[in-house]
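Input: a single structure, listed below in structure tokens.
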Amino acid sequence: MAIMDADYLVIGGCGFLGQHLCERLLERGYSVRVFDIRKTFENEKITFIIGDLCKKEDLMAAIQGVSCVFHCASPSPLSNNRELFHKVNVEGTKLLIQLCKWAGVQRLVLTSSASVVYEGKDIKGGHEDLPYAAQPIDAYTETKIMQEQIVLAANTKDFYTCAVRPHGIFGPRDPHLLPTAVDLARRGKFKFIIGDGKNLVDFTYIDNVVHGHILASENLGGGSVVCGKAYNITNDEPIYFWTFMTQIVTGMGYDAPKYHLPYLLVYFIAVFLMLISRLLSPFCHFIPSFTPMKVALAGTHHFYLCDRAKKDMKYKPLVSLDDGIRKTIESFERLKNGGEGDS
Ligand SMILES: NC(=O)C1=CN([C@@H]2O[C@H](COP(=O)(O)OP(=O)(O)OC[C@H]3O[C@@H](n4cnc5c(N)ncnc54)[C@H](OP(=O)(O)O)[C@@H]3O)[C@@H](O)[C@H]2O)C=CC1
Ligand SMILES: CC(C)=CCC[C@@H](C)[C@H]1CC[C@H]2C3=C(CC[C@]12C)[C@@]1(C)CCC(=O)C[C@@H]1CC3
């Protein structure tokens, strides 16, 4: 059945970022089509095509008759599935580019990650020209690096691509950061601060990430300075990791962490537990709560400059960190200590 042309196709449009992106695009008067492996919401203004990014016949049904594609799809960054990361983030992205060219799509905006330059060591004011991590912190990040390289290399005089690198996205309907923090707190695993608690990091409110994506798409086109480039998008307000996390968990009704543990001790325990988990994997499914990736992110500096986005796209955050934290906590009533989700 023929489907209506659309200004935008949002791949992964039923996810956390994807749904917020769709909502804002509709508010701005754009027509929107969603392609996702699952359907998580209804909206009569959106055409939904449910399918797998890795399946050519699924994607062909969605890719025709759109002006710009947002590629937001990825397996959960907190899952532990190297094969799935590579299948979706690398092979799926290659297929997407092939079909964009086949269908005559002119613009592709990739949701990459600021973590593509992060090796688990301090990054203070990181810019986009830092080299890709030679030793990525995990398989997810490894495939995000490959994905971004593929997309930016695909930029030509007829097919325009760019990448948006958000960091630490949070907000209403976040399925990763807040629920994981609340789960740790609920299980009594949020009593300790890893390190001295003075590591500065970026957390980015979802509306600012969406704003950066839409600016990128609107500035992407023939002869544009945006073509073939990556852009850090953050709240531009680095904050102590443990100050942010404490505001989140206390706002959700749980106690603030009190005691400090040495960073290196916790990191090497996490590495040891990861090795045990791998050894036991043929016999049992044991996933440690604190992986080396989470410990590194919790104990090192990792904040980035948005100067390139400010210059090329006139980006500036729309929602402050404080307002974003307040809105996020208000939106998660069901997960509050003693709330309906506290079963
Ligand atoms: N959250 C964060 O802090 C950050 C996220 N990012 C990037 O932002 C993007 C969006 O992340 P986020 O919204 O948090 O993630 P979500 O998991 O909420 O959304 C991703 C969506 O893509 C879907 N998807 C996964 N595999 C496929 C597939 N093979 N075919 C079609 N759809 C698929 C997912 O479905 P299902 O849930 O069933 O897998 C989900 O609906 C990702 O690319 C991520 O790498 C970058 C920096 C930070
Ligand atoms: C150690 C601890 C207290 C964990 C609770 C919070 C974590 C679940 C989040 C803190 C930083 C977040 C983060 C991501 C996922 C959730 C956290 C680890 C990403 C890995 C998501 C995908 C990306 O592209 C990079 C993000 C970096 C920050």
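Source: prediction; values computed, not measured. Start at 1 and go down the list; that is how both ligands and their atoms are numbered.
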Nearest protein heavy atom to [atom], by residue and atom, and its distance?
atom                    : value
atom 46 (C) of ligand 1 : Ser112 O, 3.1 Å
atom 26 (N) of ligand 1 : Val88 CG1, 3.9 Å
atom 29 (N) of ligand 1 : Asp52 OD1, 2.9 Å
atom 8 (O) of ligand 1  : Thr111 CG2, 3.2 Å
atom 3 (O) of ligand 1  : Ile169 N, 3.0 Å
atom 22 (O) of ligand 1 : Ala73 CA, 3.4 Å
atom 36 (P) of ligand 1 : Arg38 NE, 3.4 Å
atom 31 (C) of ligand 1 : Ile37 N, 3.4 Å

Val34 side chain near Cys14 side chain, heavy-atom distance below 4.5 Å | yes
Within reach of ligand 1, part of Lys144 (heavy-atom separation under 4.0 Å) | side chain
Can you check whether [X] has an N/O within less than 3.5 Å of an N/O in ligand 1?
X     : answer
Phe16 : yes
Ser76 : no
Leu53 : yes
Asp36 : yes

Determine, for [X] against [Y], whether the closest basic-nitrogen to carboxylate-oxygen distance falls under 4.0 angstrom.
X      : Y      : value
Glu218 : Arg28  : yes
Lys87  : Asp52  : yes
Asp158 : Lys101 : no
Glu330 : Arg326 : yes
Lys316 : Asp236 : no

Check whether [X] reaches the backbone of [Y] with its side chain - one donor and one acceptor, N or O, closer than 3.5 Å.
X      : Y      : result
Ser320 : Asp323 : yes
Arg33  : Tyr8   : no
Arg308 : Ala230 : yes

Out of Gly15, Ala114, Ser74, Cys72, whose heavy atom sits nearest atom 11 (O) of ligand 1?
-> Cys72
Tabulating one pair per line, provide the atom names and distances (0.1 Å) for every N/O atom of ligand 2 that is less than 3.5 Å from a protein N/O atom.
from, atom 1, to, atom 2, distance (Å)
ligand 2, 24 (O), Ser113, OG, 2.8
ligand 2, 24 (O), Tyr140, OH, 2.7

Met293 and Leu84: same hydrophobic cluster, using ILVMFWY side-chain contacts below 4.5 Å?
-> no
Using 30° and 60° as the class limits, which term best fits the ring planes of Tyr304 and His167: parallel, tilted or perpendicular?
-> perpendicular
Check the angle between the aromatic planes of Tyr267 and Tyr263 and answer parallel, tilted or perpendicular using the 30° and 60° thresholds.
-> tilted
One finds that the ligand 1 atoms under 4.0 Å from a non-hydrogen atom of His176 are 1 (N), 12 (P), 14 (O), 15 (O), 16 (P), 17 (O), 18 (O)
Going by the atom numbers of ligand 1, which of them fall below 4.0 Å from some non-hydrogen atom of Gly12?
-> 21 (C), 22 (O)
Please walk me through it: do Phe48 and Phe35 pass ring-ring contact (aromatic ring centres under 6.0 Å, His included)?
-> CA-CA 6 Å; Phe48 291 89; Phe35 179 84; over 10 Å; no
Answer yes or no for atom 39 (O) of ligand 1: protein heavy atom present at a distance under 4.0 Å?
-> no
With ring centroids as reference points, do Tyr231 and Tyr315 lie under 6.0 angstrom apart?
-> no
contact_flag [X] ligand 1 heavy-atom lt 4.0 Å:
X      : answer
Tyr140 : yes
Gly51  : yes
Pro175 : yes

Arg82: side-chain hydrogen bond (donor to acceptor under 3.5 Å, both in side chains) partners, not counting sequence neighbours | Glu142
Looking at Tyr30, Phe70, Tyr160, which one forms a side chain to side chain contact (heavy atoms under 4.5 Å, CB included) with Ser217?
-> Phe70
